[in-house]
Structures are given as structure tokens and as C-alpha cells.
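Just so we're on the same page: letters track the sequence lines, and every chain starts at 1. Just the heavy atoms: all of them, side chains too, but no hydrogens, waters or symmetry mates, feed the values below.
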Amino acid sequence: MKEDLLDQAKLMMFSQNYREAKKILEKLYKENPSDPEIIYHFALLKEILNAREEAKSLYKKILEVIPEHKEARERLKKLEEE
Amino acid sequence: MKKEFCVIGIGRFGKLLVENLSKLGARVVAIDKEEERILSVQDMAYESYVMDATQEKALDTIDIHEFEAVIVTISGDIEASILTCLLLKEKGAKRIIARARDELHSRILDKLGVSKTIFPEKEMAEKLARHLYSPGLFEIIELSENYVMEERVSLPEFSGKTLSDLKFRTKYGINVIAIKRKVPEVNESGKTILKEEVIIGPGGDEEIKDGDILFVLGEKNKVEGVFSK
């Protein structure tokens, strides 16, 4: 169920239907606040929507749990440089 | 030939100027009467001299008229700033850009024939104030007193509409000259990542997406009017 919904959110993101992706990811994040894969996609979406500070804190949240998360580290670095 | 500039006064602002001009590939000559300050830019500047620019004989050792522009960043000591600009003018400097402490200082520099006076702190404060007041604003380039090129986060009501639908030029009197956005893609490890896209000179059929950054060109008040609704 969780995986299906995340796949659906990704599909919405890739088809640039960000409003729909946001609805799904908000629900998923609320129900699974510690799932790194959900947090990561939610952070990406926040970044796309220019909510930079929120994106940064979500990337930091992932890195607290998985310090070796390469993609989250790269995104955070990029955002801090912008 | 590389552009040559001379920066007189290597305080914090002067140092940044030397650093940035050098990064852009310009040849920069740095002058200050304090040796310590000159040492701090020695690696960045093309040439650097410990010299009191208010002393005519000292200035005579440099071919002032050969620089593209001479930038006088001294503002704390108004007398030194005025004397330096006067001497530079007499020595045939092509273009003098001088930092002013206040309006009166600026007016005196104007009378001396300085090409442009700048107020970095005032300009930065104005920019910061505008940025804080309009959080969706990233960058402003003032093209003239009334015209600007600004980077603005698109508004939610623009999303899903094309530039033709939105009629920026006819309805609001502004032009969208580029769009910057982040789009998801999959990397070689199968992970979702973001790629930055910049569309220069977007066509009328270009659709605005949530989170797009629009580069708009137009009169200051018209741009402000659209984005501060």
C-alpha cells in the first residue's frame, strides 16, 4: 500500500503534476514520518516547489538516519550553495 | 587584451572587488597605504602597491590613464577620497567610480567629475529589504532607473497556463525572458534526482509549472504590481 502510493507520487512528479504529488506525499509523510524514501521524495518535491528551507530540513532529517545517503547529501549541498 | 582596473582602498569592499574582478579574468592593480591590506590581496591582484593615493608623486608612478576604470573605495576618510579623485581626474583617468559615504560626499564627487558614485551598504540594504518584503524575489538587475530584470518565483495562479494564456506583455506590460525550473529524472542507480532546466526566450505555448522561476523584464512598478498581489 505504502509502496504503491509512493510509486503513484513518483509518477505524478515525473508527469509534473506536482499538486497531486504533493497531496499523496503529504499523506505518506504524515503516516510514515521516518521512512527515508518518503522523506527524500517529499524533499525533492519541496525543492521543485521552491520551498527551500523545508527541503533542506527534510534532507537533514534523512542524513541524521542515513548519513551515507549520497543523493540527499548532494541535494543539500547544492541548496546550501544556491 | 584583458581588461585592466585599478582599485584604490583595500578594505573589505575593495578586497571583494579585487577578488571578483580577478575571478572574471580582469587584470587588477590594488593600491592601499596599509601594507597588511596589500598583503591580503597580493595573490589575487595582477599588481599591488603600498602607496598613499593622496600623494601626487606616488600616483605619478602609475599610468592612471591606461586603466579601463579606477575604483576608489575609500569612504571613511572623506578628505582622502576627495583628494584621490581630484588627482585621478587630473592624471587623466578614463573612468572613476567612487564609493560615497553619504549624499553630500556623493555630490562633491559628482562636482569633481567622477563618472559614478556608489553606496554599497545602502544598495545592499535596499536589496535586502526588498528581498525580505518579497520572499519570492531572488535577484534584481537594475537596467536603468525604471527598468529591471528580476528573478521571481511564479505565482500559483499562473500554473498550468501557457505564456500566451497569461498575456504578460499585453495585460501586465512585462516580458518573461526565461524560465528556470527543477525537474525530476532518474540517475544510473535508479534513484530520483533533480535536473535544472533553463528555457531562454520561451515561446507562447510554454506552460508555467508550480515552482517555476521566471526571469521578467519590465518597468519596476509593473513587475512589483504583478508579483506583490
field: Atom of B/P184, atom of A/M13 and distance for their closest heavy-atom approach
entry: CG-O, 3.4 Å
field: chain B contact via A/R75 - which portion, at a heavy-atom distance below 4.5 Å
entry: side chain
query: Does any heavy atom of chain B fall under 4.5 Å from the side chain of A/E37, the backbone, both, or neither of them?
result: side chain
Distance in Å, [X] [atom1] paired with [Y] [atom2], rounded so as to fall on 0.5 Å steps:
X: A/K22; Y: B/D210; atom1: NZ; atom2: CG; result: 8.5 Å
X: A/L45; Y: B/T192; atom1: CG; atom2: OG1; result: 11.5 Å
X: A/N17; Y: B/K209; atom1: CG; atom2: NZ; result: 9.5 Å
X: B/N187; Y: A/E74; atom1: CG; atom2: CD; result: 8.5 Å
X: B/S189; Y: A/E71; atom1: OG; atom2: CD; result: 6.0 Å
X: B/R181; Y: A/Q16; atom1: CZ; atom2: CD; result: 6.0 Å

Counting only heavy atoms not in [X], do more than 12 fall under 6.0 Å of its [atom1]?
X: B/E36; atom1: CD; answer: no
X: B/E35; atom1: CD; answer: no
X: A/K10; atom1: NZ; answer: yes

task: For A/K78 and B/K182, run side chain to side chain contact (heavy atoms under 4.5 Å, CB included): C-alpha distance rounded to whole Å, both residues' side-chain angles, the deciding distance at 0.1 Å, then the answer.
output: CA-CA 12 Å; A/K78 209 151 196 163; B/K182 285 177 182 171; over 6 Å; no
